[in-house]
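Encoded as structure tokens, the structure appears first; notes follow it.
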Amino acid sequence: MSMDPMKPFLDSAVGYVSSMLREAYGIEDTFRIEPGGEIADFAFPCFQFSRRAGVSPQEMADRLAQGAEAAGGMLTVSARGGYLNMSASPHKLSVAAVGTVLQMQREYGRADRPPGERMLVEHTSINPTGPMHIGRTRNAVIGDTLVRSLRQAGVEVASEYYVNDVGKQVVVLYWGLTKFFDGEIGGKPDHELVRHYVRANELIEKDESAAAEVRDLQQKLESGDTALLAGTRKAAEMVLDGIKESLAHLNITHDRFVFESDLIKDGRVKGVIERLKKLPEASEDKGAWYLPFNGEEDRFYFTRSDGTSLYTTRDIAYHLDKLSRAGRLVDVLGEDQKLGMKFLVRTLELLGEAKRIDFLFHSFVSLAEGKMSTRHGVGVLVDDVISEAKSRAKVEVLKRRPDMNEGDASSIAGMVGVGAVRYNIARLQAEKKLVFKWEEALNFEGSSAPFIQYSHARACSILEKAGSWEKGEISYDEDNELRLARQLALFPSVLSDIVRTFAVHKVAAYAQQTAAEFNQFYRIVPVLRAPPGRLGSRLALVDASRIVLENALCCLGIDAPRTM
RNA sequence: GGGCCCGUGGGGUAGCCAGGAUCAUCCUGCUGGUCUUCGGAACCAGCGACCCGGGUUCGAAUCCCGGCGGGCCCGCCA
């Protein structure tokens with residue numbers, strides 16, 4: 001059995017068109033099959049070949065539709081508007097879809113892929129100077145959804161967080177801590193320590209001697225002062241602990257954290273600088289080395305005049321490290337990084353190592369009132385959004401289940417609240433800008449996480465009431481059954497599309513559509529009170545729906561409650 | 001000044017990469033319905049949109065050029 005229930009039908013459609021084209025017109029060229037939209041599963045537009053064949057598109061479509069018993073009963077074909085429409089036999093497709101899902105269970109969605117192509121996705125990588133605000137959360141949610149979707153699709157993938165613990169802002173944090181911090185954190189570290197960071201920034205802005213102190217520290221750090229490196233790393237790690245906690249609340253974890261300071265300490269940054277200096281393109285201006293791009297239009301400086309490294313130089317060292325550990329890289333980044341990454345890629349190309357890097361850029365999140373900034377302590381913090389979402393969810397849960405005990409209600413409210421936050425970020429195309437609005441972030445109906453979770457809980461409830469049942473022959477004939485089964489069959493192709501395009505919002509849309517189809521089925525087609533002989537097939541369909549909803553929610557990092 | 005991205009009903013959004021036909025998707029909103037329920041965070045019907053102007057094409061929301069509006073970038077910062 002194919003892991004993708006739609007695949008055998010697509011193969012027959014290709015085979016059918018190919019043989020009909022040859023038979024009727026002697027055409028043996030390659031051709032394209034399109035998705036058939038609402039009308040059919042697959043469509044062949046006749047426009048390209050009709051002129052050459054000397055017939056109208058509609059004539060050609062009519063002729064091509066005359067293959068009796070299309071593809072051994074796998075397909076139904078029809079001609080309309082110059083298109084040859086082909087649909088998988090609904091009966092055969094529905095049986096194949098449910099059968100495949102029940103066989104693969106949590107693995108459903110996976111496809112055969114060439115082995116050995118390990119991927120590495122870098123995401124989040126927030127500067128550890130303060131708590132995550134909602135803008136940074138977008139990166140984390142998109143990145144984690146990508147990692148989860150790739151895994152569900154059968155890709156071997158690791159996730160990584162690049163910790164910037166040597167940059168200017170971490171020095172400011174460190175300096176602020178030495179000045180104002182008494183050693184007692186007394187709360188979530190990112191929230192507590194950022195106060196010293198904000199205060200330090202305020203002081204530096206108006207006090208020149210403070211600014212000079214920080215500059216000295218920065219110089220010392222870049223010259224490789226080990227005690228100072230340890231100090232800034234410690235400061236970064238404390239804040240990072242708080243960020244990790246926030247990420248955990250969002251069901252986000254990373255396989256590995258790479259510290260920028262390590263790349264300096266073990267000499268890799270120095271090695272990169274040496275390699276770059278040897279490039280024929282490399283030039284020098286007052287001791288500062290750069291690569292000229294676009295003539296001398298854009299200079300990419302990779303050292304300062306004092307020989308120390310710059311951010312992108314260290315990032316190149318990091319990318320070389322990643323390339324040594326994975327076959328293919330993806331960086332999830334804000335759109336402000338585009339130009340810098342162009343220089344990075346072109347530099348890696350000069351070093352002969354650029355091939356396997358892809359980027360997933362996303363636009364910024366803004367507030368109705370303007371921009372966010374950790375440095376100035378303005379922004380909506382993700383911890384606040386999560387806790388507000390949970391408490392509103394709890395009100396909703398208790399409204400519907402007043403008898404439910406406190407612990408269960410809180411646990412469900414947690415899944416619903418976090419799900420709502422993640423879903424409302426993941427549903428958007430990454431390149432569209434996002435204006436954060438509380439009402440939208442906390443939406444619990446319509447196109448939302450709870451809508452999907454609720455469908456899942458309903459399916460679980462039916463299955464629980466049914467108990468165990470005979471898994472005999474299955475078959476479907478009701479329109480709502482066939483439509484739902486077809487929807488389930490589409491999951492592997494959605495994931496394959498994401499593997500190709502990284503368009504993670506598609507798995508959000510798919511989950512929503514699947515839930516909607518399930519709700520329609522649920523409304524119209526009785527399961528537990530099914531007519532004689534239909535019970536097993538319908539329970540199988542409900543179980544398959546439950547599995548697909550769970551798998552899709554898993555891609556989104558949203559828990560699938562059995563009851564809510 | 002130069003570069004990149006975005007512009008779809010009242011609000012939000014899919015479709016654009018690989019141009020096609022059928023009501024251009026879905027959510028929200030508004031109007032009106034459904035159900036003696038396998039859990040109503042539900043279901044059904046209706047209202048309402050491709051920024052503007054050229055071009056390519058048999059055919060453009062989709063590709064190209066030019067406007068307009070918004071975001072981001074153009075540092076020996078990160």
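These numbers come from a predicted model, not from an experiment. Proteins come first, then strands; the chains are lettered A, B, ... in the order of their sequence lines, and each starts at number 1.
- Residue A:Asp298 is out of contact with every strand shown, counting any heavy-atom pair closer than 4.0 Å.
- The distance from atom CZ of A:Arg138 to atom C1' of B:rC72 is 13 Å, rounded to the nearest whole Å.
- A:Val397 comes within 4.0 angstrom of a base, heavy atoms only.
- The shortest distance between the side-chain N/O atoms of A:Tyr454 and the OP1/OP2 oxygens of B:rA41 is below 4.0 Å.
- Under the Watson-Crick or G-U wobble criterion, with both distances below 3.5 Å, B:rG59 has no partner in any strand shown.
- Listed pair A:His362 / B:rC4 fails the phosphate criterion, with no side-chain N or O lying under 4.0 Å from OP1 or OP2.
- Of the charged side-chain nitrogens involved, at least one lies within less than 4.0 Å of a carboxylate oxygen, so that A:Arg546 and A:Glu550 count as a salt-bridged pair.
- The separation between A:Phe436 atom CZ and B:rG11 atom P is 21 Å, rounded to whole Å.
- Contact annotation: A:Arg299 does not reach the phosphate of B:rC74 (side-chain N/O to OP1 or OP2, under 4.0 Å).
- The shortest distance between the side-chain N/O atoms of A:Ser305 and the OP1/OP2 oxygens of B:rC76 is not below 4.0 Å.
- Taking the ring centroids of A:Tyr83 and A:Phe44, they lie at or beyond the 6.0 Å cut-off.
- Because its NZ or CZ atom is both nearer than 6.0 Å to the ring centre of A:Tyr522 and within 45° of the ring axis, A:Arg458 counts as a cation-pi partner of that residue.
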Check the interface with nucleotides 5-7 of chain B: list each N/O to N/O pair with the protein under 3.5 Å, or write none.
from	atom 1	to	atom 2	distance (Å)
B:rG7	OP1	A:Lys432	NZ	2.9

(message) For a quick check, with a 4.0 angstrom heavy-atom cut-off, what is the B/S/- contact string for nucleotides 22-28 of chain B, read 5' to 3'?
(response) B---SSS
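- Between the side chain of A:Asp497 and the backbone N or O of A:Ser493 there is no donor-acceptor pair closer than 3.5 Å.
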Just the atom pairs and distances: protein N or O near nucleotides 55-64 of chain B's N or O, under 3.5 Å.
none

